[in-house]
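Both backbone and side-chain heavy atoms feed into the values below; hydrogens, waters and symmetry mates do not. To find a chain, count down the sequence lines: A is the first, B the second, and so on, and within it residues start at 1.
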Amino acid sequence: AQRVTQPEKLLSVFKGAPVELKCNYSYSGSPELFWYVQYSRQRLQLLLRHISRESIKGFTADLNKGETSFHLKKPFAQEEDSAMYYCALSPNTDKLIFGTGTRLQVFP
Amino acid sequence: NAGVTQTPKFQVLKTGQSMTLQCAQDMNHNSMYWYRQDPGMGLRLIYYSASEGTTDKGEVPNGYNVSRLNKREFSLRLESAAPSQTSVYFCASRDGLMNTEAFFGQGTRLTVV
């Protein structure tokens, strides 16, 4: 079965601390993986996708096929990073499934 | 520059009532989705549609029906609402290509009493 697991419901850090939001997936094929973010009172929006190997707002995510993980990292958290983060898996061009989400709180 | 538009934004229903949530996108996307968002449960896929006239069940389809009447619109119907369907509902769309971004509506907050 295709599944996305985000083990942490809440992650609290202080400004300037490193952040790692965990994501594990179960899928037998080559996955399309994404991170989406929902800021307060805003729509859910794409943060980054694994195929692009990009860094957005200082965040990066590396696909580890051996560990079936796609963790999101940022070396120095900012207060404006406080939001809900969702890892998502697309097993084909049609379907898109999300994890349970991790709420990141960055304290000043 | 509307993107994905959902109506209504808020709704209160009594148990047993029916209603339809509307979703429209103006980006000429092939794929459309309906999700529900519940605390601690994340976003769960209810139904999705890969193209006009086709629909498929997601993770939690029971109690819902959908219609993809044309490329722009994808509606979600609750035939007999139950308190367990109290949730925030999101519609999304994306092009039917690999690794493309999904665009979301602003959500519908539904309360069933």
Side-chain angles (χ1 to χ4, degrees), chain A residues 1-11 21-27 29-54 56 61 63 70 83-104, chain B residues 1-6 9-10 23 25 27 29-61 66 68 74 87-109:
Chain A
Q2 303 136 7
R3 184 171 294 173
V4 178
T5 303
Q6 295 180 250
E8 303 135 333
K9 290 187 177 180
L10 174 65
L11 184 62
L21 285 76
K22 292 184 168 54
C23 172
N24 288 89
Y25 66 92
S26 61
Y27 178 59
S30 294
E32 293 179 27
L33 288 158
F34 308 83
W35 276 98
Y36 282 79
V37 60
Q38 188 176 28
Y39 300 104
S40 179
R41 299 189 183 87
Q42 293 188 26
R43 301 185 185 209
L44 203 69
Q45 58 188 279
L46 178 68
L47 181 62
L48 56 79
R49 69 196 92 186
H50 91 273
I51 197 70
S52 304
R53 300 184 63 80
E54 58 204 340
I56 304 294
L63 174 60
F70 188 55
M84 194 74 179
Y85 291 80
Y86 290 98
C87 184
L89 166 71
S90 186
N92 53 49
T93 55
D94 304 328
K95 200 173 184 181
L96 182 63
I97 58 175
F98 287 80
T100 50
T102 298
R103 179 166 299 282
L104 174 65
Chain B
N1 202 21
V4 179
T5 304
Q6 289 180 236
K9 291 184 180 179
F10 302 94
C23 176
Q25 53 93 7
M27 295 171 282
H29 285 165
N30 290 314
S31 300
M32 296 187 74
Y33 308 84
W34 276 106
Y35 296 90
R36 57 178 292 174
Q37 184 184 46
D38 302 289
M41 306 290 285
L43 281 165
R44 291 182 292 171
L45 181 62
I46 305 172
Y47 272 94
Y48 63 103
S49 170
S51 61
E52 179 182 344
T54 68
T55 60
D56 285 286
K57 294 179 180 179
E59 302 162 279
V60 288
V66 290
R68 182 82 181 271
F74 188 38
S87 187
V88 181
Y89 291 85
F90 288 97
C91 177
S93 73
R94 69 172 186 167
D95 206 340
L97 299 173
M98 297 293 287
N99 286 297
T100 54
E101 175 181 359
F103 293 86
F104 282 79
Q106 79 278 20
T108 297
R109 186 173 294 275

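Distance alone, capped at 3.5 Å, is enough to place a donor-acceptor pair between the A/R43 side chain and the B/F104 backbone. Using modelled atom types, one side-chain atom of A/S90 and one backbone atom of A/K95 make a donor-acceptor pair closer than 3.5 Å. Here the side chain of B/W34 pairs no donor or acceptor atom with the backbone of B/G58 at under 3.5 angstrom. A donor-acceptor distance shorter than 3.5 angstrom exists from the side chain of B/Q25 to the backbone of B/M27, with no hydrogens or angles considered.
Per-residue counts of heavy-atom pairs under 4.5 Å with chain A were compared for B/S31, B/A92, B/A102; the largest is that of B/A102. Among A/L46, A/L96, A/I97, the residue making the largest number of heavy-atom pairs under 4.5 Å with chain B is A/L96.
The stretch residues 39-53 of chain B places B/G40, B/M41, B/G42, B/L43, B/L45, B/Y48, B/A50 near chain A, each with some heavy atom under 4.5 Å from a heavy atom of that chain. Applying a 4.5 Å heavy-atom cutoff, the residues of residues 29-37 of chain A that approach chain B are A/E32, A/F34, A/Y36.
Aromatic ring pairs are classed by plane angle as parallel below 30°, tilted from 30° to 60° and perpendicular above 60°; the pair A/Y39 and A/Y85 is perpendicular.
Side-chain contact annotation: B/D38 with B/S87, donor-acceptor N/O pair under 3.5 Å present. Side-chain atoms of A/Q38 and B/Q37 include a donor-acceptor pair closer than 3.5 Å.
Judged as a ring pair (Phe, Tyr, Trp, His ring centres under 6.0 Å), and not counting sequence neighbours, the contacts of B/F103 are B/H29. By the side-chain hydrogen bond (donor to acceptor under 3.5 Å, both in side chains) test, B/Y33 pairs with B/R94, sequence neighbours left out.
Aromatic ring centres of A/Y25 and A/F70 lie farther apart than the 6.0 Å criterion allows.
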